[in-house]
Number of protein chains: 2
Amino acid sequence: MEIATFNVNSIRARMDLLERWLKEKRAVDLLALQEIKCTEENFPFERFERLGYDCAVFGQKGYNGVAICSKYPLYDIKKGFADSLFDNQKRVIAAKAGDYRIINVYAPHGDLEGEKLIYKLRFFSKLKSYIVENFSLKEKLIVVGDMNVARDDMDVWDPVLLKGSIGFMDEEREAFEDFVSIGLVDTYRELRPNEPGFTWWDYKNGAIWRNQGMRIDYILTSPNAFERCEDIDVDLWTRKRRSPTPSDHAPVVAHFRDE
Amino acid sequence: MEIATFNVNSIRARMDLLERWLKEKRAVDLLALQEIKCTEENFPFERFERLGYDCAVFGQKGYNGVAICSKYPLYDIKKGFADSLFDNQKRVIAAKAGDYRIINVYAPHGDLEGEKLIYKLRFFSKLKSYIVENFSLKEKLIVVGDMNVARDDMDVWDPVLLKGSIGFMDEEREAFEDFVSIGLVDTYRELRPNEPGFTWWDYKNGAIWRNQGMRIDYILTSPNAFERCEDIDVDLWTRKRRSPTPSDHAPVVAHFRDE
DNA sequence: GCGGGGTGCG
DNA sequence: CGCACCCCGC
């Protein structure tokens, strides 16, 4: 089973390119999409159906929005945290596919200070309690998505320059580490300890062409799921082009043994 | 010499398609463009230069704007009517190319009543006096552009339905006829008396696919220029496609004998 | 820099 | 319907 996480930065703006990627490059079994930026009414269900995917969508107008698209039927679908304090922003959707439990996350962007930063830090503690209270780390749990945090110096193109900037501040990293510490494995870093594995490059300054990126999209697993994880990579096929305009993120794809 | 008039509905949105038309279909000698919708600063001079065109531009931010692009050097360039009552809207540019005097016009859209209609009617009387006072009908004069008026029943797809609607109201037609009566020849109607020659189709309802159009773009000539006019047609190459999005107008192209 | 939203224009 | 404009989010 091949699982991809991909912040598409608008599913409607990206559908043509995404379809080409699935057809010409990589027919992954499960797609976890972030920032679909549309409501369920405007989600291109039919196009995914034609490609063989069953979709669960938690959408919102203009901003945020997450979806899971799977070649295996989805069940046990949970939209949001079931917490009115958080669920006005559509950032989490969970579902089971086969014996895997997928939790798809779009963490807040945050800010250098103030309410947006507070909200981002609280989001990770909410995500932690949500997972611990609703699921079990003994499941084949896969938590994927755009976490908007780089864990370590290796995960950013210039750790000195970027220290203290959004996505690489000490508070953010601590909040994210505290979440990961419930027992999740950072599969990319585990399997590729010597590769940066950037997943995001700013649209500005042609950052992709200078490889000035950050690793902020993750595939995190419970130990039971990690046991089956055979490989993981960042797929640059969509990102390294000028037209049609790609997302600023690249998909991360992990392969899990069928057993 | 092949001369085209083309309301591009934004030169920046249309440049790729226009370039393909010039390269793959029809390398006209002179292009009269309307609704470029940009200032001179934002006009793609370099791309036209690479295609071999010398450009004279009378632009404005967001709306209106006209340009003449020519493979023969342009001279005697006149921008606007030199009348502050009209020249806040950039709708007229004139230039000589070879021994032809080209006057490129984007007439106002108008309305069913009120100030916009008044302005449109006044525009044609201003255009008339502008031409009579500045130029001579004895020149090889070519007045082209989007006149936003259909002359006759044959020039609209449903004269009964459209009677009294914008572009086909009696007042508009009379004002336009009064202008043409200075001694201009409607070359398309003269050379193709039995063809509708629509030049514009509404974006709505897929009007192009039902041929629900109007003939509102003209190549009008003085008798001396008409003597050299060998053929004229509406080129549907750009219009009859879905992607990239075409202008709602099609170019009209006339061929003038070199002598 | 590239998305979304809205509004104005034709 | 598809441009332009603006403001906003990331």
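Here is how names work: the chains are called A, B, and so on, in the same order as the sequence lines, proteins then strands, and each is numbered from 1. Computation of the quantities below employed the complete heavy-atom set of this structure, encompassing side-chain atoms and omitting hydrogens, waters and symmetry-equivalent molecules.
Distance OH (A:Y106) to P (C:dG3): 15 Å, rounded to an integer number of Å. In this entry the distance linking CD of A:Q34 with P of D:dC10 reads 14 Å, nearest Å. Rounded to whole Å, the distance from CE on B:M214 to C1' on C:dG10 is 13 Å. Rounded to whole Å, the distance from NZ on B:K204 to P on D:dC1 is 8 Å. Note: CZ (A:F6) to P (C:dG3) measures 12 Å, nearest angstrom. In this structure, B:H249 atom NE2 and D:dC1 atom P are separated by 17 Å, rounded to whole Å. Remark: C1' of C:dG5 and CG of A:N42 are 13 Å apart, rounded to the nearest angstrom. The distance between atom CG of B:D202 and atom P of D:dC3, rounded to the nearest whole Å, is 14 Å.
Taking every side-chain heavy atom of A:A13 into account, C:dG3 is the closest of C:dG1, C:dG3, D:dC3. Comparing C:dG4, D:dC10, C:dG10 by their nearest atom to the side chain of A:K116 picks out D:dC10. Among the nucleotides D:dC10, D:dC5, C:dG1, the one closest to the side chain of A:E35 is D:dC10. Proximity note for A:R91 (side chain, C-beta onward) versus D:dC10, C:dG10, D:dA4: the nearest is D:dC10. Taking every side-chain heavy atom of A:H109 into account, D:dC10 is the closest of C:dG4, D:dC10, D:dC3. Checking C:dG3, C:dG1, D:dA4 against the side-chain heavy atoms of A:S10 singles out C:dG3 as nearest.
Using a 30° and 60° split on the angle between ring planes, A:Y130 and A:F81 fall in the perpendicular class, above 60°.
For C:dG6, one of the phosphate oxygens OP1 or OP2 lies less than 4.0 angstrom from a side-chain nitrogen or oxygen of A:K61. Residue B:R14 places at least one side-chain N or O under 4.0 Å from the OP1 or OP2 atom of D:dC3. Of the side-chain N and O atoms in A:R239, none sit less than 4.0 angstrom from OP1 or OP2 of C:dC2. Applying the 4.0 Å criterion to OP1 and OP2 of C:dG3, one finds that A:T245 has a side-chain N or O inside that range.
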* To do: Decide salt bridge (charged side-chain N to carboxylate O under 4.0 Å, His left out) for A:E177 and A:R173; before the verdict, give the C-alpha distance in whole Å, the side-chain angles of both, and the deciding distance to 0.1 Å.
  => CA-CA 6 Å; A:E177 292 309 319; A:R173 294 161 69 192; over 6 Å; no
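Mapping A:D248 and B:N64 onto DNA chain C by nearest heavy atom places A:D248 at the nucleotide closer to the 5' end.
Under a 4.0 Å N-O distance rule, the pair B:D155/B:R189 qualifies as a salt bridge.
Closest approach of B:L236 and B:A250 over heavy atoms only: CD2-CB, 4.2 Å.
Within a 6.0 Å radius of CZ in B:R122, no more than 12 heavy atoms belonging to other residues, nucleotides or ligands are found.
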